Amino acid sequence: MPALDWQGVLTGQPLQWILSGFLTTLWVTLAGAILASLFALLFLLLRLSGGRTGEGVVSAWVSLFRNTPLLVQLLFWYFAAWNWLPLAFRDVVNADHSWSILPGDVWWFTPEFLCSAWGLGVFTSAFLIEEIESGLRSVPTGQREAAMAQGFSAWRLFRYILLPQGLANAWQPVVGQYLNLMKLSSLASGIGFAELTYQVRQIESYNAHALEAFTVGTALYLLTGVVMGMVLVRIGPARGSAK
């Protein structure tokens, strides 16, 4: 077995590609997680207060995005849905904007970044809805009834009674979904998004150091997952007894 040549990966242009891909992965993970969280909260509130119509809309959303492959969804958003947007908007996105450069020289106002973040966000939201819903169901019925008897609106009931306890009860599965989002960002390479997996494959084509490149990429994914898990668990809501 030939000796590994780390100089072909950890120096020069290959190193720049790896750093760029790693930072791009972090930023798209953050953007996707924010979108997923917002969608999950919106649809959980709709399920709580929207009656049968709201329940039907949420069920359709969850069923659609949970039961289709993420790669297919990304391809749809990038190659089909993107072309349905107004031409004027697409021209604005495709233009150069110095204000759209994130730390690490990551351009976020591009079709690839926007479609990747959107696809990851809506896909993960379907799983977050179910995870958090299971936590909400563990809140005692008496607390719901007491809040409604005191005149709480659906929003106040959700915001102050159900959501804090539901998140605390379901935080570990929720963390797992955020970690899954980070790992699934590698599929965005299928639409030409230059995240970590895309850059690792580029190194393979550039100098044939495939084993070294994929080893470094794997180590970075592992490190990111471990750090994310530790941080999210630490900042998550403390689980307490709800009686």
Side-chain angles (χ1 to χ4, degrees), residues 9 13-40 61 64-85 89-90 92-97 100-128 175-206 210 213-229 232:
V9 175
Q13 184 65 60
L15 178 60
Q16 294 180 27
W17 284 337
I18 286 179
L19 292 176
S20 174
F22 177 60
L23 292 171
T24 301
T25 292
L26 295 182
W27 282 115
V28 80
T29 297
L30 177 61
I34 291 173
L35 279 174
S37 302
L38 292 175
F39 275 120
W61 179 276
L64 172 64
F65 291 111
R66 284 185 58 147
N67 294 304
T68 52
L70 176 57
L71 181 57
V72 173
Q73 294 180 34
L74 291 172
L75 293 172
F76 170 79
W77 296 125
Y78 186 70
F79 290 106
W82 177 259
N83 293 317
W84 296 341
L85 296 175
F89 175 77
R90 285 182 281 151
V92 170
V93 174
N94 286 320
D96 290 335
H97 304 288
S100 70
I101 305 176
L102 296 167
D105 198 30
V106 177
W107 294 70
W108 70 268
F109 203 58
T110 64
E112 292 79 13
F113 190 102
L114 295 176
C115 289
S116 298
W118 173 266
L120 289 166
V122 296
F123 178 81
T124 304
S125 71
F127 293 87
L128 285 180
V175 170
Q177 294 303 329
Y178 288 134
L179 293 175
N180 201 40
L181 185 155
M182 182 274 295
K183 292 181 288 185
L184 289 174
S185 67
S186 62
L187 294 177
S189 61
I191 61 172
F193 184 54
E195 45 69 64
L196 182 57
T197 297
Y198 179 96
Q199 300 289 24
V200 166
R201 293 172 62 185
Q202 185 168 236
I203 294 172
E204 177 190 9
S205 301
Y206 177 71
F214 279 101
T215 299
V216 172
T218 300
L220 288 174
Y221 278 117
L222 177 60
L223 176 64
T224 304
V226 170
V227 172
M228 276 185 62
L232 290 172

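Fair warning: this is a prediction, and the values are worked out from it, not measured in the lab.
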Handout entry: Atom pair CZ (Phe123) and CD (Gln177), whose distance is rounded to the nearest 0.5 Å
Key = 8.5 Å
Exercise for the section: Mind checking the CG-OG1 spacing from Leu220 to Thr215? Nearest 0.5 Å is all I need. Expected result: 11.0 Å
Handout entry: Residue pair Met182 / Tyr221, side-chain heavy-atom distance below 4.5 Å
Key = yes
Handout entry: Heavy-atom pair of closest approach, residues Ile203 and Ala213
Key = CG2-CB, 3.9 Å
Exercise for the section: Taking the side chain as every heavy atom from C-beta outward, state whether Leu70 and Leu120 have any pair of such atoms under 4.5 Å apart. Expected result: yes
Practice task
To the nearest 0.5 angstrom, please state how far the CG atom of Leu74 sits from the SG atom of Cys115.
Solution key: 8.5 Å
Practice task
Using modelled atom types only, decide if a donor and an acceptor are shared between the side chain of Gln73 and the backbone of Phe65 within a distance under 3.5 Å.
Solution key: yes
Handout entry: side-chain hydrogen bond (donor to acceptor under 3.5 Å, both in side chains) partners of Ser125, counting only residues at least two apart
Key = Trp61
Practice task
List the atom of Val28, the atom of Ser116, and the distance in Å for their closest heavy-atom pair.
Solution key: CG2-CB, 4.0 Å
Exercise for the section: Among residues two or more places apart or on two chains, list those pairs meeting side-chain hydrogen bond (donor to acceptor under 3.5 Å, both in side chains) that have a residue in residues 26-39. Expected result: Ser37-Tyr178
Handout entry: Heavy-atom check, side chain of Phe193 versus side chain of Thr24, under 4.5 Å
Key = yes
Problem - Note, Ile101 side chain near Asp105 side chain (heavy atom, < 4.5 Å) - result: yes
Handout entry: Contact check, side chains of Trp77 and Trp82, non-hydrogen atoms, under 4.5 Å
Key = no
Problem - Partners meeting side-chain contact (heavy atoms from CB on, under 4.5 Å) with Leu75 (sequence neighbours left out) - result: Leu71, Phe79, Ile191
Problem - Side chain proximity check, Arg90 to Pro111, heavy atoms < 4.5 angstrom - result: no
Problem - Gap between atom CD of Gln13 and atom CD of Gln202 - 0.5 Å precision - result: 7.5 Å
Exercise for the section: Would you name the heavy atoms of Gly121 and Leu35 that are closest together and state the gap between them? Expected result: CA-CB, 4.1 Å
Problem - Which residues share a side-chain hydrogen bond (donor to acceptor under 3.5 Å, both in side chains) with Trp118, sequence neighbours left out - result: none
Practice task
Please examine the side chains of Asn180 and Thr124, heavy atoms only from C-beta on, and report whether any two atoms are closer than 4.5 Å.
Solution key: no
Practice task
Could you pull out all residues at least two apart from Ser186 that satisfy side-chain hydrogen bond (donor to acceptor under 3.5 Å, both in side chains)?
Solution key: none
Problem - Any donor-acceptor pair under 3.5 Å from His97 side chain to Val92 backbone - result: yes
Problem - Pairwise distance OG1(Thr25) to CG(Leu30) - rounded to 0.5 angstrom - result: 12.5 Å
Completion exercise
Between Gly104 and Leu23 the two heavy atoms that sit nearest each other are CA-CD1, 3.5 Å
Practice task
Kindly indicate whether the side chain of Leu102, heavy atoms from C-beta on, has any atom under 4.5 Å from the side chain of Trp107.
Solution key: no
Practice task
Might you confirm whether atom OH of Tyr206 has over 12 heavy atoms from other residues, nucleotides or ligands at distances under 6.0 Å?
Solution key: no
Completion exercise
Tyr198 meets the side-chain hydrogen bond (donor to acceptor under 3.5 Å, both in side chains) criterion, sequence neighbours left out, with none
Problem - Closest non-hydrogen atom pair, Ala210 against Glu204 - result: CB-CG, 3.6 Å
Exercise for the section: Keeping the roles fixed (side chain from Thr197, backbone from Ser189), state whether a donor-acceptor pair exists under 3.5 Å. Expected result: no
Fill in the blank from the handout: The reported gap from CD in Gln199 to CD in Gln16 (rounded to nearest 0.5 angstrom) is 10.5 Å
